[in-house]
There are 2 protein chains.
Amino acid sequence: MKEFDRVTALLEAKGIKPSLQRLLLLHYMHSCHEHPTVERIHADLTKQGHSLSKATVYNTLTLFVQKGLLRLVGLDHSEARYDILTCDHAHFVCERCGTIYDVPVDFDLLNLQFPEAENVRQRDIFYRGVCKRCTTQN
Amino acid sequence: MKEFDRVTALLEAKGIKPSLQRLLLLHYMHSCHEHPTVERIHADLTKQGHSLSKATVYNTLTLFVQKGLLRLVGLDHSEARYDILTCDHAHFVCERCGTIYDVPVDFDLLNLQFPEAENVRQRDIFYRGVCKRCTTQN
DNA sequence: CATTTAATTTAGAATGATTCTAAGCTTTAT
DNA sequence: ATAAAGCTTAGAATCATTCTAAATTAAATG
C-alpha cells in the first residue's frame, strides 16, 4: 500500500490507529481539493468499490477534526463540509452552486480584540455571494 | 401602540405589511441585544402572553433576513441565531456557553480578493473559543 | 495457538431543527 | 356583501446528524 504511506504516518503522528477506513478517508481528503460533504465522500468511496458505512464517515471525520487533521467548515444549516487545509484561510461560498473557494488571509491585519475572549481556538472568514461560473453559465 | 411606532415605520419602509406578529417579532429583536435562537424568541414571546406559532417565527425571521432587517448568524449545525445588527461586525462564539459577542471590524484592512467571486452579498468573521465568563466560573 | 479484552465498524433507530402542507383566519378590494 | 389575496397556524414530513447495541476486527494474555 505505497499510496497509503503518507497518510499512515500522519495518523500515527496523531496517535490514531491506521485502520483501513481511516486510511481510505484521509487519503480521499488529501486527493480531493474541494470541500466535500459527508454524503459526497461516502458516495465517492462507495463508487470506487470500497465498503464503509456512513456512520464511520461521520465518526472518523469528527475524530480527524478533533485531532487537527481536518477542518470543519461550519456553514449555515446545510450539510457540513470538510477541508483538508487546516492553516488559516478565508472562504468564498457561492450561494447558487455551493462551491467553496479558498483564499489566503492575514488575520494579523485585522488585529481583532475580543475583550470577552479567554482563548481563541479557530478563526473563520466567510464571504458569500455568487461566483463567476454561475453568472456566466445562466 | 406608541412602542410599535418605530418598528412599524421600519417594516413599511421595506414594503412589509405590519401585522401584529411581525411587529412583535421586530420589536423583540430590537429590545434584545443577544443573538437569540428561534426557540428562545418563541419561548420569550409566549411567556409574555403573546400567542404566535413557531412556524410564524420561522417565516417572519426569514422574511426579515431577506429584506435586510436582520442578519442570520449561520453557525455550524446547531440552531440558527438572529442578529439585529446588520452592519459589518465580527463575532466571537463561546463554544461552552454559546454566547456570541460582537466586535466592530474593518474589512478593508483585509483587502480580500476572490478572483472567482462575481459579487459578494455578505461577509462574516467568526472567532471561536471559550469566553472569560466560562473559564472563571468553573 | 486459543481465548479474553479492547477497539472499531456497522445498520438502523432516534433526535431535533427546519420546511412543507393544507386549512383557517384577516385584511383589502370589488 | 362577497370575493380575493395575504398571513398565520398545527401538525406532518424531511433530512442531516447522533445514538445504540450488536457484529467484526485487532491486540493482548495465558
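What you see is a predicted model, and the numbers here were worked out from it, not measured in a lab.
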Practice item. Using atom OH of A:Y58 as one end and atom P of D:dC15 as the other, report the distance to the nearest whole Å. Key: 13 Å

Practice item. Considering just the side-chain nitrogens and oxygens of A:Q21, establish if one lies under 4.0 Å of OP1 or OP2 belonging to C:dT10. Key: yes

Exercise for review: Under 4.0 Å between any heavy atoms, over every strand shown, what does B:T62 touch: base, sugar-phosphate, or nothing? Just pick one.
Suggested key: nothing

Check your understanding: Rounded to the nearest Å, what distance is computed from the NZ atom of residue B:K54 to the P atom of nucleotide C:dT19?
Key -> 13 Å

Check your understanding: What is the nucleic acid contact for B:K17, judged by heavy atoms within less than 4.0 Å: base, sugar-phosphate only, or nothing?
Key -> sugar-phosphate

Point to revise | Phosphate-side-chain proximity, B:S19 and D:dT8, N/O vs OP1/OP2 below 4.0 Å | key: yes

Exercise for review: Please write out which residues are connected to A:Y127 in a hydrophobic cluster, directly or through intermediates, given that two of Ile, Leu, Val, Met, Phe, Trp, Tyr count as joined at side-chain heavy-atom separations below 4.5 angstrom.
Suggested key: A:F92, A:Y101, A:V103, A:V105, A:F107, A:L110, A:L112, A:F114, A:V120, A:I125, B:F92, B:Y101, B:V103, B:V105, B:F107, B:L110, B:L112, B:F114, B:V120, B:I125, B:Y127

Exercise for review: Give every residue pair that meets the ring-ring contact (aromatic ring centres under 6.0 Å, His included) criterion with at least one member in residues 10-38 of chain B, sequence neighbours excluded.
Suggested key: B:F4-B:H27, B:H35-B:H91

Practice item. Take atom CG of A:L20 and atom P of D:dA26, then tell me their distance rounded to the nearest Å. Key: 9 Å

Exercise for review: Scan residues 25-49 of chain A against DNA chain D and write down, sorted by residue number, each residue with any heavy atom closer than 4.0 Å; if none is found, say none.
Suggested key: none

Check your understanding: Choosing from D:dT9, C:dT18, C:dT10, which nucleotide comes nearest the side chain of B:E79?
Key -> C:dT18

Practice item. Check for a donor-acceptor pair, side chain of A:K47 on one end and backbone N or O of A:H42 on the other, with a separation under 3.5 Å. Key: no

Practice item. Could you check how far CG of B:L11 sits from P of D:dG6, rounded to whole Å? Key: 17 Å

Exercise for review: Take the protein atom CG of A:N59 and the nucleotide atom P of C:dA7, then report the distance between them rounded to whole Å.
Suggested key: 15 Å

Check your understanding: If you check the B:T60 side chain, which of D:dT8, D:dA10, C:dA11 turns out closest?
Key -> D:dT8

Exercise for review: Would you mind telling me which of C:dT18, C:dT9, D:dG6 lies closest to the side-chain atoms of A:T56?
Suggested key: C:dT9

Review point. Just how far, in rounded Å, is P of C:dT18 from OH of B:Y82?
Key: 7 Å

Check your understanding: Salt-bridged, B:R121 to A:E95, with N to O below 4.0 Å?
Key -> yes

Check your understanding: How about B:L10 and B:I16: do any of their side-chain heavy atoms sit closer than 4.5 Å?
Key -> no

